[in-house]
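Notes for the one structure printed next.
A note on names: the letters A, B, ... follow the listed sequences, proteins ahead of strands, and every chain is numbered from 1. As the structure is a prediction and not an experimental result, all values here were calculated from the model.
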Amino acid sequence: MASSTLLIALIGLTAFAYFLGRQRAIVGVVAAKKGTRPFHSLPGYYGGYVALWCVLPALALFAIWHAVEPVVLRAAVVDALPADMQQLSEGRLGLVFNDVRNLVEGGVQLGEPDPTIAAAAERYSEVRQTSRRLLAGTVLVLGVATLGWAVRRVRPDFRARNRVEKSIEYLFVAASTVAILTTIGIFVSVLFEALRFFQQVSPFEFLFGLNWSPQTAIREDQVGSSGAFGAIPLFTGTLLISGIAMAVAAPVGLMSAIYLSEYASRRVRAWVKPLLELLAGIPTVVYGYFAALTVGPFLRGLGDSLGFEVASESALGAGLVMGIMIIPFVSSLSDDVINAVPQALRDGSYGLGATQSETIRQVILPAALPGIVGALLLAVSRAIGETMIVVMAAGLAANLTANPFEAVTTVTVQIVTLLVGDQEFDSAKTLAAFALGLVLFLVTLALNVIALRVVRHYREQYD
Amino acid sequence: MSQPSSTPAADAADAAASAAPPADQQAQAGYRTVGDYRAEKPVMRARNVDVFYGENHAIQSVSLDIGLNEVIALIGPSGCGKSTFLRCLNRMNDTIESARVTGDITLYDEDIYAKQMDVVMLRARVGMVFQKPNPFPKSVYDNVAYGPRIHGLARDRAELDKIVQTSLERAGLWSEVKDRLEEPGTGLSGGQQQRLCIARTIAVSPEVILMDEPCSALDPIATARIEDLIDELKRQYAIVIVTHSMQQAARVSQRTAYFHLGKLIEVGDTDEIFTNPRHKLTEDYITGRFG
Ligand SMILES: Nc1ncnc2c1ncn2[C@@H]1O[C@H](COP(=O)(O)OP(=O)(O)OP(=O)(O)O)[C@@H](O)[C@H]1O
Ligand SMILES: [Mg+2]
């Protein structure tokens with residue numbers, strides 16, 4: 001039986017369990033009118049309780065089975081191989097196993113399969129079929145068994161409501177655990193790859209080196225095979241572009257937030273706010289070619305007429321367009337926090353004869369500051385992480401410069417270029433992407449920590 | 001202005017001659033206020049004031065004087081328009097989009113709804129204390145200094161210090177906060193916060209102080225302190241207080257106005273109103289048969 005069929009059957013069984021539990025309680029309630037004890041919870045809770053008991057153990061078994069099955073299959077396949085092949089190294093054996101699996105799954109094959117592989121594949125599918133049958137049987141039996149056990153517990157004094165409440169709590173815990181574990185998992189894998197990189201290139205050179213040209217040889221005899229992995233040009237490029245972007249987005253976003261929340265009438269607000277938020281919905285690739293094809297040449301022309309040397313791919317162009325893109329991140333969030341400032345504070349200020357702009361500057365903005373800082377930091381991390389616009393508009397040249405009219409490159413752009421194309425998985429060039437990723441991760445983490453601290457500081461002060 | 005008389009003396013003479021308002025004034029609203037709505041030394045005069053929130057007619061043809069050196073209490077069941085009327089007096093209703101005010105309100109014979117009226121200056125002259133203490137998220141000092149700063153009332157820091165100190169002293173808060181002027185005002189207790197708000201209001205030397213249920217969030221001790229303060233402030237200001245407590249109205253006010261569903265039903269000396277109400281609705285309310 002295929003896994004999907006099994007799961008559908010399990011859902012059916014669960015629905016049945018729900019109705020059974022509920023029905024038992026309803027019948028019990030009707031009986032209670034004739035003098036027996038009343039039920040502790042509403043019938044739906046008994047249904048929920050029985051359904052949960054029916055489905056959760058079965059699902060757990062299903063998951064464990066699927067985790068263990070590959071190991072068993074592999075052992076079975078290796079067993080079926082001729083003795084000389086069993087002596088192969090772990091890595092070789094893995095390749096053989098992959099071949100076998102490809103054969104079974106109908107993956108890409110080159111020519112007639114090797115007879116030993118074919119035999120092993122035969123064995124593989126045999127074992128797997130048995131395993132699946134066994135799984136279907138045990139899962140359904142387990143479901144029915146736990147169902148039966150739970151149904152028997154449906155009695156008047158059984159507190160189904162509290163039990164269901166508890167299991168819902170576990171559900172939420174499980175959900176947040178998934179999120180946390182995923183983050184930790186990503187971090188750890190990035191960390192390990194980065195450590196491998198640092199075995200080839202010293203962290204000192206990476207963090208403080210001024211030269212970035214990550215060409216490594218694919219063949220031994222290739223020319224120019226030694227790479228330089230000094231990431232400082234990338235950091236300064238990222239800083240420069242994010243700085244330009246924030247210089248655009250922070251004032252414009254903040255002022256539009258103030259206009260929207262304090263000055264605009266309700267009708268204007270209903271129109272303008274969604275329009276502004278639309279900016280965030282435009283795909284970044286569209287911004288990218290806007291920056292590369294419109295803003296870049298425009299800046300270049302402007303520079304020419306003013307006597308500046310502006311590269312057609314410049315940090316300025318990319319930064320400006322990125323700033324426009326992140327305006328809604330600043331304005332929308334700031335608008336929300338400004339709106340959340342209690343009307344009582346505004347009234348208090350107006351009641352003392354303050355004008356609107358005095359009220360905004362001296363009362364509303366200070367009160368909304370934690371939220372505004374949060375919005376700005378969010379925008380910063382968005383700017384740091386943005387890739388597409390920079391790829392298209394700021395170029396790939398890792399220049400170490402603070403001149404916004406020159407081409408620069410950023411951390412994320414380099415990650416992309418490092419991983420595009422054919423790569424060896426353990427070359428320094430590929431691993432450098434992980435080191436850069438680690439740096440990005442740590443910087444964003446630091447930004448978040450700072451944001452939280454700022455927010456908490458003000459909350460203590462003003463609550 | 002529908003009342004031609006402007007000097008306090010003439011008004012007092014008027015009051016003696018006829019206790020009831022001219023009948024035509026309230027003909028439209030279909031009711032007559034019982035008692036004399038005029039004050040001996042009027043600072044503010046409201047005549048035939050109507051307020052609409054969209055379609056909702058929240059105040060109907062109300063005429064009332066606010067007198068110098070006296071406290072007038074506005075009482076009445078919830079939703080009858082006390083706050084709305086109060087907010088007309090310093091044009092706080094301007095901040096509500098749907099609100100529309102008609103009628104005449106004057107501050108020392110100056111029409112406060114006239115075009116040339118500077119609303120910002122009006123609010124400095126007619127100060128307001130709100131129901132919930134609403135200190136700014138600033139230090140105690142900056143809270144009190146806020147008004148003087150924006151109005152440029154102090155020439156230097158020493159003068160500002162002086163204003164802050166006297167305001168806090170008059171609000172009866174100085175001794176409690178003199179060592180924590182730099183701490184946030186929001187860190188004070190509720191009663192202290194409310195006195196801070198009062199200090200903030202008197203720091204700009206208003207002529208009238210409007211208080212909207214200033215004690216509703218406070219315990220009896222803090223309430224007593226604020227009532228003492230009101231008594232003290234009345235020597236210099238004209239004070240309007242909205243309250244839900246009859247006892248408080250009786251304790252602090254000299255005149256009382258009873259509102260009911262947007263109408264000013266009865267107004268008169270507090271002693272009179274509480275011992276001898278003339279209107280049935282007033283009597284029901286103060287004897288606890290209503291609201
Ligand atoms: N901002 C507003 N928008 C629309 N209607 C309002 C607004 N404020 C008050 N109203 C309406 O005006 C009427 C009078 O309200 P107001 O707040 O003046 O009553 P109140 O006498 O102060 O009541 P309370 O004693 O409960 O404070 C009520 O019907 C209320 O619903
Ligand atoms: Mg009110």
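B:Ile150 places none of its side-chain heavy atoms less than 4.5 Å from the side chain of A:Ser349. Two residues are said to be in side-chain contact when any heavy atoms from C-beta on lie closer than 4.5 Å; A:Gln362 and B:Arg149 fail this criterion. In this structure the side chain of A:Tyr350 never reaches within 4.5 angstrom of the side chain of B:Asp94, judged on heavy atoms. Proximity of B:Met92 to A:Asp347: side-chain heavy atoms (C-beta onward) are separated by under 4.5 Å at one or more points.
Residue A:Tyr170 places its OH atom among 12 or fewer non-hydrogen atoms of other residues, nucleotides or ligands, all under 6.0 Å distant. Crowding of A:Met388 atom CE: a count of heavy atoms from other residues, nucleotides or ligands under 6.0 Å not exceeding 12. Dense packing is recorded around CZ of B:Arg180, with more than 12 heavy atoms of other residues, nucleotides or ligands lying under 6.0 Å away. Residue-environment remark: CD (A:Glu165) stays at or below the threshold of 12 foreign heavy atoms within 6.0 Å. Within a 6.0 Å sphere centred on CE of A:Met255, heavy atoms belonging to other residues, nucleotides or ligands number 12 at most.
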Under 3.5 Å, which donor-acceptor pairs do the side chains of residues 364-381 of chain A form with other protein atoms, sequence neighbours left out?
unit_1	atom_1	unit_2	atom_2	d
A:Ser381	OG	A:Leu377	O	3.2
A:Ser381	OG	A:Leu378	O	3.0

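Scanning both residues, A:Leu352 and B:Tyr146, for their nearest heavy atoms gives CD1-CD2, 3.8 Å.
Only the backbone of B:Pro135 comes within less than 4.5 Å of a heavy atom in chain A; its side chain stays farther off. Neither the backbone nor the side chain of B:Val119 comes within less than 4.5 Å of any heavy atom of chain A. In this structure, chain A has heavy atoms under 4.5 Å from both the backbone and the side chain of B:Arg200.
No other option in B:Asn134, B:Val204, B:Val129, B:Leu122 has as many heavy-atom pairs under 4.5 Å with chain A as B:Asn134. Contacts with chain B were tallied for A:Ser265, A:Gly351, A:Pro342; A:Gly351 has the most, counting heavy-atom pairs under 4.5 Å.
Put simply, CE on B:Met121 and OG1 on A:Thr355 are 12.0 Å apart, with the number rounded to the nearest 0.5 Å.
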